[in-house]
Amino acid sequence: MPYVTSVLELMELLHGGPDDRGLRTAALLRRSHPFDKELQLAGLLHDIGRLLRLSDGTVTVGVAAEAIRPLLGERVARLVRLSGAPGEEGASGARHDAEAGAGADPDSEAVATLRHARDSAAAADLDAGVLEDWRPLLDLVASGAGRVGPARNALDPLGGPRGSRRPVGGRP
């Protein structure tokens, strides 16, 4: 199975695909969900499976998700897998709908949002920028800094100011 091991390798792979639907999907998600960086990257990468061909020429959503999991984490990989790109295994099949159904997955709303953005991006005529605009966010999430988790501090997600003796999140 192919793995993407660095942001540089991922950028080179993405540059090999001339379709900008991923850029448009990510741009739509950036507008609608500006704080969910992992969802935005899943939008950017939802169709990466077509760039990752197995030795027999087949492409699956599962392979694409597994290829990016070590670099971008479990949630981005799960969102890519559950979003199912058109024409790939499980594109909107019952298995994915059941997995992404109400209450079955904590990211079921994110998956529905991603699918909607993906479908809207196909018809959208918007300036989505360039791929290089996404490199800083890819670096951030790859480093683990952008991963969604328990809020450390609702007012300042990065914690208290440097040198502050104030406890993070108001806890002693």
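Everything numeric in this text was worked out from a predicted model, so none of it was measured.
- Looking at Glu132 and Met11, their side chains come closer than 4.5 Å, going by heavy atoms from C-beta outward.
- Although no hydrogens or angles enter the test, the distance criterion places no donor-acceptor pair under 3.5 Å between the side chain of His33 and the main chain of Arg30.
- A search for side chain to side chain donor-acceptor pair (under 3.5 Å) contacts involving Arg31 returns nothing, not counting sequence neighbours.
- To the nearest 0.5 Å, atom OG of residue Ser32 and atom NE2 of residue His116 are 8.5 Å apart.
- The closest side-chain heavy-atom distance from Ile68 to Leu71 is not below 4.5 Å.
- Remark: the backbone N or O of Arg69 is not paired with any side-chain donor or acceptor of Glu74 at under 3.5 angstrom.
- No side-chain heavy atom of Leu72 sits under 4.5 Å from any side-chain heavy atom of Val4.
- If you take CG on Leu10 and CG on Leu45, they are separated by 5.5 Å, rounding to the nearest 0.5 Å.
- Minimum heavy-atom separation, Ser83 to Leu114: CB-CD2, 3.4 Å.
- Inter-residue side-chain proximity for Trp134 and Leu41 is flagged as met; some heavy-atom pair is nearer than 4.5 Å.
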Please assess Arg24 against Asp20 for the test salt bridge (Lys or Arg N to Asp or Glu O under 4.0 Å), listing each intermediate value before the final yes or no. CA-CA 6 Å; Arg24 291 191 311 264; Asp20 67 344; 2.4 Å; yes
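- Judged by distance alone, with hydrogens and angles left aside, the side-chain atoms of Arg115 form a donor-acceptor pair with the main-chain N or O of Leu82 at under 3.5 Å.
- Asp139 pairs by the side chain to side chain contact (heavy atoms under 4.5 Å, CB included) definition with Val7, Arg135, not counting sequence neighbours.
- Across all their heavy atoms, Ala64 and Ile48 have their closest contact at CB-CG2, 3.7 Å.
- Side-chain atoms of Arg118 and Arg21, non-hydrogen and from C-beta on, do get closer than 4.5 Å to each other.
- For the side chain to side chain contact (heavy atoms under 4.5 Å, CB included) with Leu23, the qualifying choice from Asp133, Leu14, Leu131 is Leu131, the only one to do so.
- Checked against side chain to side chain contact (heavy atoms under 4.5 Å, CB included), Ala110 has the following partners two or more places apart in sequence or in another chain: Leu39, Arg75, Leu79, Asp107.
- Smallest separation of non-hydrogen atoms from His46 and Gly22: CE1-CA, 3.9 Å.
- By the 4.5 Å heavy-atom criterion applied to side chains, Asp47 and Thr25 are not counted as neighbours.
- With sequence neighbours left out, Glu9 forms a side chain to side chain donor-acceptor pair (under 3.5 Å) with Thr5.
- Side chain of Gln40 to backbone of Pro34: a donor-acceptor contact under 3.5 angstrom is found.
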